[in-house]
Structures are given as structure tokens and as C-alpha cells.
> 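Mind having a look at this structure? Questions to follow.
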Amino acid sequence: MIDIRRLRTDPGGTKAAMARRHDPAVLVDLDRAVALDHDLRTRAATRDGVRAQVNALSKAVAEAYRAGDRDKGDQLKAESRSLGEEEKRLVQQAAAVETELRELLLRIPNVPSAEAPDGAGEEDNVIVRVENFDPDSYGDHQRVPHWEVGRELGILDLERGAKVSGSMFPVFRGCGATLVRALTQRALDANADSFEEIRPPTLVRTDTLTATGQLPKFADDAYYIERDDLWAIPTAEVPLTSLYRDEVLEEAELPRRLMAYSPCLRREAGAAGRDTRGLLRVHEFDKVEILALTTPEQAAAVHQDLLARAEARLIELALPYRVVDICAGDLGQSHARYFDLEVYAPGVDMWLEVSSISWFSDYQARRANLRYRRGAGGASGAGSGTEFVHTLNGSALAVPRVWAAVVETYRQPDGSVTVPEVLRRYFRGTERITPPT
RNA sequence: GGAGGGGUGCGAGAGCGGCCGAAUCGGACGGUCUCGAAAACCGUUGUGGGGGCAACCUCACCGUGGGUUCAAAUCCCACCCCCUCCGCCA
């Protein structure tokens with residue numbers, strides 16, 4: 001959620017910043033939020049005033065009875081009752097406005113960071129760097145899409161995946177399955193120096209999915225189990241962020257760094273027909289997520305660290321990649337700013353998005369009511385007070401697309417695929433994946 | 001799934017429908033004492049909303065949401081969560 005107080009005190013500035021999203025509907029919503037907020041505060045003030053009178057009368061009733069003055073008590077009671085009816089009406093009216101405002105606020109996106117580049121959409125994203133890329137370095141043997149490589153080597157079985165669960169539910173087998181596990185394991189190992197490993201639940205409550213911003217707006221993108229009122233997570237970001245929901249952390253324990261391997265389930269409702277071949281877009285995949293809860297001051301540096309960590313995985317796999325600075329017009333709902341990491345896959349000749357390194361400012365924290373206490377430790381120290389944390393996260397490694405890039409890049413002229421050096425230790429001695437005999 | 005018990009402030013834990021935002025103990029913080037520390041003693045110590053330059057005023061919050069009542073932590077209903085036993089089970 002955005003800060004309603006900021007909107008109230010500086011509607012012009014907030015709208016100007018938000019205008020960079022290039023979504024006129026959002027500006028309309030902001031105006032409506034300002035109006036609702038004003039209405040709510042007016043109504044709440046009169047409601048509280050009447051309520052104060054009722055409270056005072058109730059006290060007077062008690063005193064009258066205690067003093068033995070029944071007549072006076074009865075009279076005050078009658079007075080209070082009629083005032084109470086008025087109060088009831090005011091309460092209902094205020095509650096209706098409050099609900100309307102809250103529902104609106106849950107749908108208003110985050111304010112873009114000033115550092116996010118200008119731009120209206122995807123085409124205006126800024127390619128910050130391209131690393132390790134030489135288009136002429138590839139041989140014909142590397143220009144084979146991973147789904148063909150996978151079938152040749154018997155390590156990817158899309159047909160049987162479709163039989164078992166439907167299209168876009170890949171089945172990895174043999175060394176293909178090992179490669180999935182190796183990539184996962186490597187990402188966890190490489191970040192264990194400063195991230196606590198968590199193995200979170202895959203099914204979460206509605207509140208949890210609301211905290212990170214997927215609900216209410218993007219319900220169609222998530223798998224939902226009606227019978228138990230639970231949602232399948234689209235990323236470990238969801239349970240990790242909610243781990244500390246409704247808590248107050250100490251400033252001294254920030255930044256708090258967490259990582260998790262988890263399955264990720266996505267209906268991809270809005271992407272029907274796009275990138276459907278092979279592993280480019282699937283309903284279920286594995287990912288290692290790294291996440292940090294920080295103070296506002298720490299956020300920028302931590303953001304860079306997350307980016308560097310995600311890059312390091314691609315560097316050690318010797319895969320070409322580029323860093324894309326997402327423009328204000330293309331930001332996701334919860335983002336203040338983010339970088340995409342795109343890996344080059346020679347077989348499909350595409351840059352595949354393998355990580356979004358995201359900074360949500362206090363947007364998710366406000367939804368999750370996740371705060372920290374400012375000032376060192378003390379419960380009553382001067383300058384203490386609670387404030388919302390900043391949340392940041394990124395994929396340390398998203399398996400299927402990296403899997404595709406590895407298989408295509410490491411394919412040899414004889415059709416085999418060599419196992420990247422960093423992953424060998426997870427491969428039980430196998431250095432080369434060859435077709436089944 | 002069945003039977004029972006329970007959810008109160010940072011923690012433990014009390015709380016006749018009104019004098020309860022909440023006893024008491026512990027913790028934390030500040031102070032006194034001390035060369036210093038411990039002990040002892042004194043004091044402070046929840047969150048959020050609204051109003052006010054301010055002292056301050058006011059509203060809400062005792063798992064969540066409804067209800068009864070002039071008045072609810074306290075009574076009623078529903079739900080959620082936790083614990084114990086039984087059943088089932090990777």
C-alpha cells in the first residue's frame with residue numbers, strides 16, 4: 001500500500017511521481033482515495049465525538065446507580081440509548097467508507113522510485129550492461145533449442161509431463177533432473193554465507209498472498225484450492241515476506257536476509273499462447289529466492305548486493321547475460337524499482353528473463369504490517385518509534401530458463417552436453433550428458 | 001476426523017458486566033547508592049487513528065468477526081490458531 005498520509009499532505013507530488021507509470025486510471029484512483037480519505041476522517045471525527053458522549057453517559061449511569069439514585073440512572077440510560085442509535089448509524093457509515101478506501105488502496109500500485117528510468121512500457125526499459133556476449137562465438141551445434149536437446153538426451157520429457165498434468169508442466173529425467181537439483185543446490189550454497197535458509201510452505205492463506213501484492217488484483221494468476229481456502233505460491237517471496245508479518249523487528253537485527261528454495265506455481269492466465277514452447281514459460285518450476293528486510297537507508301546497498309549475487313550465478317556458469325533497468329511505465333504493481341537479469345540462450349536465440357531484483361520500498365511492508373523499532377534496542381529510548389521496513393528480493397536462480405540456457409550453451413558438436421564446472425560436484429562424477437544407448 | 005483444554009501487554013500470569021488499557025511478578029530502560037560492579041531501592045516502560053503550536057484531548061485495540069447491553073477482556077454466536085489424548089497417516 002502507498003502511504004495515505006503522504007498522499008494527503010502532498011497529493012500533487014504523489015500524483016506527479018505516479019504519473020510516470022503512464023496509467024491514467026491510477027491517477028483517477030488517487031483522486032478518489034484523497035476524497036475518500038477526507039470523507040472518512042470527517043465521519044470518524046463526528047463518530048468519535050458521539051462515542052465519547054456515550055462513554056461519558058455510561059460512566060454517569062454507573063455513578064448514579066452506585067449513589068443509589070435510580071431515577072437519575074434510568075434517565076441517563078434512556079439518554080444514552082437514543083444517542084447510541086445515532087452512534088450506530090455513524091459507525092456504519094464510517095465503516096462503509098473505510099472498507100471502500102481500503103479496497104481501493106489495495107489496488108493502487110507503488111510509487112515508482114525517482115531512480116527508475118522514464119518510459120511508457122517494455123520498449124523503454126534500459127539495458128544497463130551486456131556481459132560476456134559474443135554472438136559470433138556460437139557454433140551450429142549450439143543453435144538447437146533446448147526442447148530438442150532435452151528430447152535427444154532423454155533429460156526432458158514434455159510429452160509425458162503433458163499427459164500427467166497438462167502442457168507447461170515439464171518432466172525432467174535422469175541427468176536433466178540432476179541438473180535441476182544441482183542448480184538449486186548451487187544457488188543455496190552460494191548464498192549461505194549471509195542468508196538464512198528457509199523451507200517455506202507452498203500453500204498459503206489469502207492474507208499472505210495479499211501482503212506481497214498478488215491479491216486482490218491478480219487472483220487469476222494464482223492456483224487456488226477452494227476447499228481449503230489456500231493459494232499456491234507463485235514464488236518463495238510470498239511466504240518469506242509474510243514470515244514476519246504483523247511483527248516489529250529491532251533495528252539492530254536489520255538487514256534480515258532470508259533465502260528459500262520452493263516450487264513456484266503460476267497459472268500464466270494473461271500469457272496464454274506466449275512463449276509456450278519448451279521451458280520458456282511453465283506452470284510449475286523451481287526457484288531459489290533471496291530476500292532482505294531492511295531500513296530505508298540500507299535498501300539501496302542491499303539492492304545492489306542482491307543483483308551482484310544473482311549475476312554471480314550466471315558468471316560462474318559462463319552464461320552471457322544483460323542487466324535491464326525497468327522503466328517506470330513497466331514496473332510491477334508492488335515495485336518501486338527493479339532490475340531484470342536476462343540470460344542468453346543460443347538455441348532459441350533469445351534473452352530469457354531469469355531474475356527480477358526488486359525493491360518494494362515500504363509498499364509490501366505496509367500491507368504486511370511489518371515494522372521495525374528505530375533506535376538501539378531500548379524500549380523507551382529517545383528517538384525510538386516504529387517504522388515500516390523496506391522489502392527487497394530477487395531470484396538467486398530460476399531453474400528452468402537457466403536449465404535451457406545451460407543445455408543449449410554447453411551442447412557439443414557430437415550432441416552431448418558437458419556439465420558446467422561449478423555443478424560437477426553435484427553430478428556424482430558425470431561430466432558429460434550423452435544420449436541413452 | 002473424534003474428545004477435552006486454552007488464546008490478555010516484551011515474557012509469565014490475574015482479571016465480580018461499570019472504578020480495567022488492564023493487578024502482580026519478571027524483563028528492558030533511566031536514576032539513587034558504589035572506586036567499579038552486583039544486590040537493594042525509586043521511577044519509566046504497548047500499538048494505531050483523529051484533533052492541537054504545545055501541555056494535552058479523544059477514539060479504537062485483551063485471537064478474528066458478529067451479537068446482547070446505557071456499558072463487554074468479562075455474557076452469547078461463528079470462525080481462526082495453539083496444546084493434550086484417540087484415530088488415520090508420508
Side-chain angles (χ1 to χ4, degrees), chain A residues 1-9 33-103 105 199 201-211 225-231 239 242-253 263 362 365-389:
Chain A
M1 271 184 291
I2 60 166
D3 183 359
I4 187 71
R5 233 176 298 183
R6 174 184 169 185
L7 179 63
R8 184 188 304 151
T9 51
V34 171
L36 282 171
D37 174 58
H38 181 76
D39 188 26
L40 174 60
R41 281 184 308 134
T42 309
R43 289 178 188 281
T46 53
R47 177 201 62 196
D48 288 352
V50 172
R51 210 175 248 174
Q53 291 180 53
V54 171
N55 287 345
L57 279 172
S58 293
K59 276 205 178 90
V61 170
E63 274 163 33
Y65 282 142
R66 212 175 307 131
D69 192 341
R70 293 200 62 91
D71 288 349
K72 191 177 174 196
D74 289 347
Q75 188 201 324
L76 288 166
K77 197 194 274 191
E79 236 176 280
S80 180
R81 183 184 294 144
S82 66
L83 198 57
E85 259 147 56
E86 157 128 22
E87 186 218 344
K88 207 170 194 173
R89 227 185 51 245
L90 293 170
V91 166
Q92 278 167 0
Q93 288 172 354
V97 176
E98 194 167 12
T99 302
E100 196 180 346
L101 177 60
R102 198 182 55 235
E103 282 170 3
L105 285 174
R199 175 54 247 239
T202 310
L203 298 178
V204 298
R205 297 168 181 281
T206 298
D207 285 348
T208 299
L209 208 58
T210 303
I225 298 172
E226 190 169 11
R227 184 204 276 245
D228 299 293
D229 192 21
L230 288 168
W231 302 78
S242 274
L243 224 53
Y244 291 100
R245 182 149 50 88
D246 293 319
E247 294 193 32
V248 180
L249 304 172
E250 295 299 334
E251 182 172 5
E253 54 185 333
D362 60 4
R366 189 169 271 111
R367 287 170 162 254
N369 189 28
L370 204 180
R371 295 167 295 162
Y372 72 100
R373 196 179 308 284
R374 193 127 229 181
S380 64
S384 73
T386 61
E387 216 172 295
F388 292 108
V389 302

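The sequence lines fix the lettering, A, B, ..., with proteins before strands; numbering per chain opens at 1.
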> May I ask you to verify if any side-chain N or O of R8(A) is less than 4.0 angstrom from the OP1 or OP2 atom of G50(B)?
yes

> Roughly how many Å is it from NZ in K88(A) to C1' in C70(B), rounded to a whole number?
13 Å

> Could you tell me the Watson-Crick or G-U partner of C79(B), where both distances fall under 3.5 Å? Say none if there is no partner.
G63(B)

> When you match A45(A) and V54(A) each to their closest nucleotide on RNA chain B, which lands nearer the 5' end?
A45(A)

> Between U47(B), G18(B), C59(B), spot the one nearest the side chain of R66(A), thanks.
G18(B)

> Distance check: side-chain N/O of R205(A) vs OP1/OP2 of C81(B), anything under 4.0 Å?
yes

> Check the distance between G51(B)'s P and D37(A)'s CG and give it to me in whole angstrom.
9 Å

> Please step through side chain to side chain contact (heavy atoms under 4.5 Å, CB included) for the pair E100(A) and L40(A), ending with a clear verdict.
CA-CA 10 Å; E100(A) 196 180 346; L40(A) 174 60; over 6 Å; no

> Among residues at least two apart in sequence or on other chains, which ones pass side-chain hydrogen bond (donor to acceptor under 3.5 Å, both in side chains) with E387(A)?
Y372(A), R374(A)

> So what's U45(B) paired with, Watson-Crick or G-U wobble, going by both distances under 3.5 Å?
G27(B)

> Closest-nucleotide mapping onto RNA chain B: is E387(A) or R51(A) further toward the 5' terminus? I mean the 5' end.
E387(A)

> Tell me what S58(A) touches on the nucleic acid: a base, only sugar-phosphate, or nothing, going by heavy atoms under 4.0 Å.
base

> Using a 4.0 Å heavy-atom cut-off, does A52(A) contact any base of the nucleic acid, only the sugar-phosphate backbone, or nothing at all?
sugar-phosphate

> Rounding to a whole Å, what distance do you find between E85(A):CD and A71(B):P?
10 Å

> Would you mind reporting whether L90(A) and E87(A) have side-chain heavy atoms less than 4.5 Å apart?
no

> When you check the phosphate oxygens OP1 and OP2 of C10(B), does a side-chain N or O of R373(A) lie under 4.0 Å from one of them?
no

> If we take the C1' atom in both C62(B) and G21(B), what is their distance in whole Å?
9 Å

> Can you tell me which nucleotide in C70(B), U47(B), G50(B) comes closest to the side chain of R5(A)?
G50(B)

> If I take atom CD in residue E98(A) and atom P in nucleotide G50(B), what distance separates them, rounded to the nearest angstrom?
11 Å

> If the P atom of C25(B) is compared with that of U45(B), how far apart are they to the nearest Å?
16 Å

> Around R199(A), counting heavy atoms of other residues, nucleotides and ligands shown, do more than 12 lie under 6.0 Å from its CZ?
yes

> When you compare G43(B) with G63(B), how far apart are their C1' atoms, in angstrom units rounded to a whole number?
33 Å

> Sticking with atom C1', work out how far A90(B) lies from U8(B), rounded to a whole angstrom.
38 Å

> Rounded to the nearest Å, what distance is computed from the CG atom of residue L57(A) to the P atom of nucleotide U58(B)?
15 Å

> Just the rounded figure in Å: distance from P of A60(B) to CZ of R102(A).
19 Å

> Could you please name the option among U68(B), G18(B), U47(B) that lies closest to any side-chain atom of T386(A)?
U47(B)

> Please give the distance between the C1' atoms of C86(B) and C61(B) as a whole number of Å.
39 Å

> Does the side chain of V54(A) come within less than 4.5 Å of E86(A)'s, by heavy atoms?
no

> Under 4.0 Å from OP1 or OP2 of A60(B): is there any side-chain N or O of R47(A) that close?
no

> Pick the C1' atom in G9(B) and in C20(B), then give their distance to the nearest Å.
13 Å

> Is there a donor and acceptor pair, one atom on the side chain of D48(A) and one on the base of G49(B), closer than 3.5 Å?
yes

> Provide the distance between the two P atoms, one in C57(B) and one in C76(B), to the nearest whole Å.
36 Å

> Choose from G49(B), G18(B), G50(B) the nucleotide whose nearest atom is closest to any side-chain atom of R41(A).
G50(B)

> If pairing requires Watson-Crick or G-U wobble contacts with both distances under 3.5 Å, which nucleotide is the partner of C33(B)?
none

> Taking the C1' atom in each of G50(B) and U68(B), what is the distance between them to the nearest angstrom?
29 Å

> Write down the distance between CG (D74(A)) and P (U69(B)), rounded to a whole number of angstrom.
16 Å

> Can you tell me the Watson-Crick or wobble partner of A39(B), both distances under 3.5 angstrom?
none

> Is there a side-chain polar atom (N or O) of R43(A) under 4.0 Å from OP1 or OP2 of G50(B)?
no

> State the pairing partner of A3(B); accept Watson-Crick or G-U wobble contacts with both distances under 3.5 Å, and report none otherwise.
U84(B)

> Taking atom CZ of R5(A) and atom CG of D37(A), what is their separation to the nearest 0.5 Å?
10.0 Å

> With rounding to the nearest 0.5 angstrom, report the CG to CD1 distance, L230(A) to I225(A).
6.5 Å

> Report yes if the side chains of L370(A) and R245(A) come closer than 4.5 Å at any heavy-atom pair, otherwise no.
no

> Can you check the N55(A) CG to C19(B) C1' distance for me, whole Å?
15 Å

> Determine which nucleotide pairs with U68(B), using a 3.5 Å limit on both distances of a Watson-Crick or G-U wobble pair.
none

